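What you see is a predicted model, and the numbers here were worked out from it, not measured in a lab. So you know, we letter chains A, B, ... as the sequences are listed, proteins then strands, and number each from 1.
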Amino acid sequence: MDKFILIDGNSIIYRAFFAMPPLTNSKGLHTNAVYGFTTMLLRLLEEHKPTHVMVAFDAGKVTFRHEGYQEYKGGREKTPPELSEQFPLLKELLRGFGIAQFELEGFEADDIIGTLTKRADEAGRQVLVVSGDKDMLQLASDHVHIGLTRKGVTDIELYDPAQIKERYGLTPLQIIDLKGLMGDTSDNIPGIPGVGEKTALKLLHQFGTVEDVLNGTAELKGKMKEKIEAHAEDARMSKQLATIHREVPLEQTWEDMQFAGLQEETAGPALAKLEFKSLLERLNFSGKVDAVEAVPAAEVKSTIATEETIEDLFASLETIDVIHVETHGDNPHQAELVGIALGSSEEYIFLSPELLQSKAASSVRAWLANSDEPKRGYDLHRVDLALHAHGIEFAGAAFDVQLAAYLLDPTESNQTISGLTAKYGLPSLVEDDTVMGKGAKYKVPEVEVLGDFLCRKAAAVAAIIPLQEKALESDEMNSLFHELEMPLSRILADMEKQGIKANTADLQALGHEFEEQIGRLMSEIYRLSGTEFNLNSPKQLGEILFDRLGLPVVKKTKTGYSTDAEVLEKLAPYHEVVQHILQYRQLAKLQSTYVEGLLKEISPRDGKVHTYYRQTIAATGRLSSQFPNLQNIPIRMEEGRKIRKVFVPSEPGWTILAADYSQIELRVLAHISDDERLKEAFVNDMDIHTKTASDVFGVKAEEVDSDMRRSAKAVNFGIVYGISDYGLSQNLNITRKEAAQFIDQYFEVFQGVRRYMDDIVREARKDGYVKTLLERRRYLPEINASNFNIRSFAERTAMNTPIQGTAADIIKLAMVQMDEALRERNLNSRMLLQVHDELVFEVPADELETMKELVPAVMEKALELSVPLKAEVSYGENWYEAK
DNA sequence: CGATTCACG
DNA sequence: ACGTACGTGAATCGA
């Protein structure tokens, strides 16, 4: 016999949300309510083995109930965004489960269920209704049983008419009268004030219905009588509101609810996507996305090559397009090679580093170096550098799984191969740590284990690729990936291998200068504070300044007194020592990070520093630089700027040439906001801060003084960062109110910018992500957070990311085009560094004139915007001179 | 290993 | 009322 289960979706997900502790997936999406719902659902399916299941949802904001009573559900708190974002997740999961979902514009879930149960009564079908709402009891009959959640969601109490009688002494229909008298605060149904469940039950036992109670008030006396007579109309209306509508125009039929049991192929991926690992296990589902495409780990064929077998093995592989090179060590220029696996789909061979270096593997090395042999793998940029460091050339990177993962979600922190197999529901991979250990315990296992492990990694990469290709296609990032990031990855590797020459002797000399000054400052500070202590310890410094010297506390940190530069500036007038501490801090930073730090990074082999650009870190699409960081070499302060003198050309007679974009972020903003005033400023190549000041303060450009320009500059920065009055007030040291006025005036003038800021936040709320001009995306799961701070942060990010990210897109384009231009013209000049809006080259004397024109020209036409891009070029004997 | 500070765009 | 400007990496201290 058929068994039907009808679930009140809204009611249950609400219950689940408040019953479950907070739970978020790796993307930051809340999943606790869906989780609670799912556990309840699975239990129902197991216990009742239904043949038909349906989940009903409310649809539309205004229901017919509002027509008679505007305040219906009025007092109710707005659905928390942490819950709202779970509705789409639940609906997708139900699709994966093959469970019908009904909704009807203008009606609530209980009306749909009311209608279906009436039909069930008429047709004699056995139905179970599941809800968290007691109102549902009014639907009970011999055919219709009601399951109400009890504490939490998985515990369900079943009611038939007999049990309702036992519990309340009422018939199912009298449940409506009960609510008519009591009301319901959660739905803003008034009822009769002062009448709770006890009184209402007594009245109903005595009279029967609301109408009978109202007609029979003569039999009552005292306060009770007065209250009921005064609120008779409320009671009638409340009863009406509590009555479930049982005749809605529902087109779906019983057939539409058929449930054939959970299918692993669809339910598994749905659960995997939500990261409900415990439920996958409970159901014994692997959670793989597609049984056909997935490579069962057990089927990977791995062969360990030896000097004797490598030639034959290599030749016997039909196609080789996947490689996995395992390296060890953070700095790819110094990384050890652990092993290499190559092959395709399910068949791989493994080579030890020794074998790869040996004469026997020369054809493998030739294949690696051949750019016409496309290679797909994980973090090929690192592979390229690590192999290069061991004298093995690498070319032909065609698909980098890490880079694709970064584009698909640049904030994903676990972009490892095993993280990706989990994300895509592929057969799981043993963690690196498990096989090799980590930190001091790191140990390469014996070759059989290692070879098998690396071949499995390669097979996992092969399985991930088609899924990423699909995702890149649907997110419209094919061109960004294949035409920008992949080519750039090779260019970065070239720049890093090339390196930039650093003059060790000059750097050491500078270090001696700093050393001397630091020594003087230290003794002076100790003398003035009357004691010796560890100046590098903010904790000890705080004790000296605030406890011993009694200076006023300006700001505190989580752990104690704050002693940062901003605080010290404010303390300077109180005590002579503070100025010295500021100077000490500055020099100590230069000494430890830029002199000592840089000296450690100069390669003894070629006297150069080889940084490593990370292409998959910054959430906005920027690069970052490590070992050493060459994107934060001092420039703002003269003492620090001297560090730049040690960066020199690597060939005698050559020149360092640098070109930087002028105001690229504000130009990007002018383009994407389409603000007429801002565009006009750039079309006419005006000084943007002066222009902003003159517009905002309403004075002529000539009348803008340095203070006004400074304020305007701060506002422009604020705009790019996603402005807030608080941030601006901090920066300009003015009150929040004044800052707010500034911002208002700015938006009054630059109305297109205001519109952009409003639109982009709205877009982020709607889509859950923002995009750059080249379709790079960044998800902002916190854009709907209820916490003000968290939400505000996401809103500023929504405003800033398209600007910073598009600027990053543009300079990356310029780098790819610059690389082509150098090749086309057979130039020997080399691109060495990128510093977000600046490119640094070394240029032979006979190419200087060409490069002075070429570099800015390429940068300026990298991407056409509605305003011109401007690049300014300079050159000299070292990086300091190229200013 | 987290917190603090500070260098850059 | 809420209390942060956006994006990074490196050095140092101290639990």
Side-chain angles (χ1 to χ4, degrees), chain A residues 330 410-411 439 533-542 555-568 581-582 584-598 600-601 611-614 617-637 639-641 643-644 660-666 669 714-732 736 739 743 770 778 785-805 807-808 811 833-839:
Chain A
D330 288 334
T411 54
F533 59 99
N534 186 347
L535 249 177
N536 293 324
S537 162
K539 186 164 175 258
Q540 293 183 35
L541 178 62
K555 191 167 71 174
K556 296 201 111 190
T557 66
K558 264 184 237 166
T559 52
Y561 306 119
S562 171
T563 66
D564 65 20
E566 194 193 318
V567 169
L568 295 182
I581 293 170
L582 279 164
Y584 169 85
R585 279 259 176 95
Q586 198 185 104
L587 287 164
K589 175 90 178 179
L590 294 176
Q591 184 74 317
S592 68
T593 305
Y594 297 103
V595 176
E596 290 164 3
L598 214 47
K600 279 184 228 155
E601 297 290 347
T611 189
Y612 170 55
Y613 287 106
R614 294 211 285 176
I617 288 297
T620 53
R622 276 189 174 185
L623 300 176
S624 85
S625 156
Q626 258 186 331
F627 316 128
N629 182 353
L630 291 183
Q631 291 183 319
N632 70 347
I633 301 301
I635 189 167
R636 294 173 189 169
M637 295 298 205
E639 294 93 314
R641 194 171 191 157
I643 299 281
R644 294 184 172 229
D660 67 298
Y661 279 113
S662 161
Q663 303 297 351
I664 188 166
E665 293 190 336
L666 287 172
L669 174 62
V715 174
N716 279 330
F717 266 95
I719 293 291
V720 169
Y721 292 156
I723 197 122
S724 76
D725 48 11
Y726 185 82
L728 184 64
S729 74
Q730 290 291 299
N731 194 286
L732 281 178
R736 225 181 66 204
I743 295 167
V770 291
R778 176 174 182 178
S786 54
N787 181 304
F788 173 88
N789 277 322
I790 294 174
R791 187 177 64 247
S792 303
F793 193 5
E795 287 170 359
R796 290 195 299 275
T797 310
M799 300 184 228
N800 169 266
T801 295
I803 303 173
Q804 191 182 119
I811 194 163
L833 303 176
Q834 188 251 43
V835 193
H836 308 309
D837 65 353
E838 176 186 15
L839 294 176

Describe the nucleic acid contact of [X] in one word from base, sugar-phosphate, nothing, applying a heavy-atom distance below 4.0 Å.
X        : answer
A/Ala588 : nothing
A/Thr801 : nothing
A/Ile803 : nothing
A/Asn800 : sugar-phosphate
A/Phe793 : sugar-phosphate
A/Arg614 : sugar-phosphate
A/Ile635 : sugar-phosphate
A/Ala565 : sugar-phosphate
A/Gly597 : sugar-phosphate
A/Gln804 : base
A/Val835 : sugar-phosphate
A/Ala739 : nothing
A/Leu623 : nothing

Quickly work out the [X] [atom1] to [N] [atom2] distance and round it to whole Å.
X        : N      : atom1 : atom2 : result
A/Tyr561 : B/dA3  : OH    : P     : 20 Å
A/Tyr721 : C/dT8  : OH    : P     : 13 Å
A/Glu596 : B/dC6  : CD    : P     : 18 Å
A/Leu590 : C/dA11 : CG    : C1'   : 13 Å

Please pick, from [options], the nucleotide with the shortest atom-to-atom distance to any side-chain atom of [X].
X        : options              : answer
A/Asn536 : C/dC13, C/dC6, C/dC2 : C/dC13
A/Asn789 : B/dC8, C/dG3, B/dT4  : C/dG3
A/Asp564 : B/dC8, C/dG3, B/dC6  : B/dC6
A/Ser624 : C/dG7, C/dG9, B/dT5  : C/dG9
A/Ser592 : C/dT12, B/dG9, C/dT8 : C/dT12
A/Lys558 : B/dA7, B/dA3, C/dA5  : B/dA3

Between the base of [N] and the side chain of [X], is there a donor and acceptor pair under 3.5 angstrom?
X        : N      : result
A/Thr557 : B/dT4  : no
A/Arg622 : C/dT8  : no
A/Lys539 : C/dC13 : no
A/Arg736 : C/dG3  : yes

Identity of whatever pairs with C/dG9 - Watson-Crick or G-U, under 3.5 angstrom: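 Answer to the pairing question: B/dC6, which forms a Watson-Crick or G-U pair with C/dG9.
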Would you say [N] has OP1 or OP2 under 4.0 Å from some side-chain N or O of [X]?
X        : N      : result
A/Thr620 : C/dG7  : no
A/Arg585 : B/dT5  : no
A/Ser537 : C/dG14 : yes
A/Arg778 : C/dG7  : yes
A/Gln540 : C/dG14 : yes
A/Thr593 : C/dG9  : no
A/Asn534 : C/dC13 : yes
A/Thr559 : B/dG2  : no

Mind checking whether A/Met637 and A/Leu590 have side chains closer than 4.5 Å, heavy atoms only?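 A side-chain contact is absent here, since even the closest heavy-atom pair is not under 4.5 Å.
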Take A/Asp725 and A/His836, find for each the nucleotide of DNA chain C with the closest heavy atom, and name the residue whose nucleotide sits nearer the 5' end.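 Nearest nucleotide further toward 5': that of A/Asp725.
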Measuring from atom CE of A/Met799 to atom CD1 of A/Ile723, what distance do you get when rounded to the nearest 0.5 angstrom?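 If I round to the nearest 0.5 Å, the distance is 9.0 Å.
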Is the side chain of A/Gln626 donor-acceptor paired with the backbone N or O of A/Pro628 at a distance under 3.5 Å, no angle test?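 Here the side-chain-to-backbone pair does not exist.
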Span that lies between the P atom of C/dC2 and that of B/dT5, in whole angstrom: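 Pairwise P distance, B/dT5 against C/dC2, rounds to 24 Å.
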When the C1' atoms of B/dC6 and C/dG3 are considered, how many whole Å apart are they?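 So the two C1' atoms sit 23 Å from each other.
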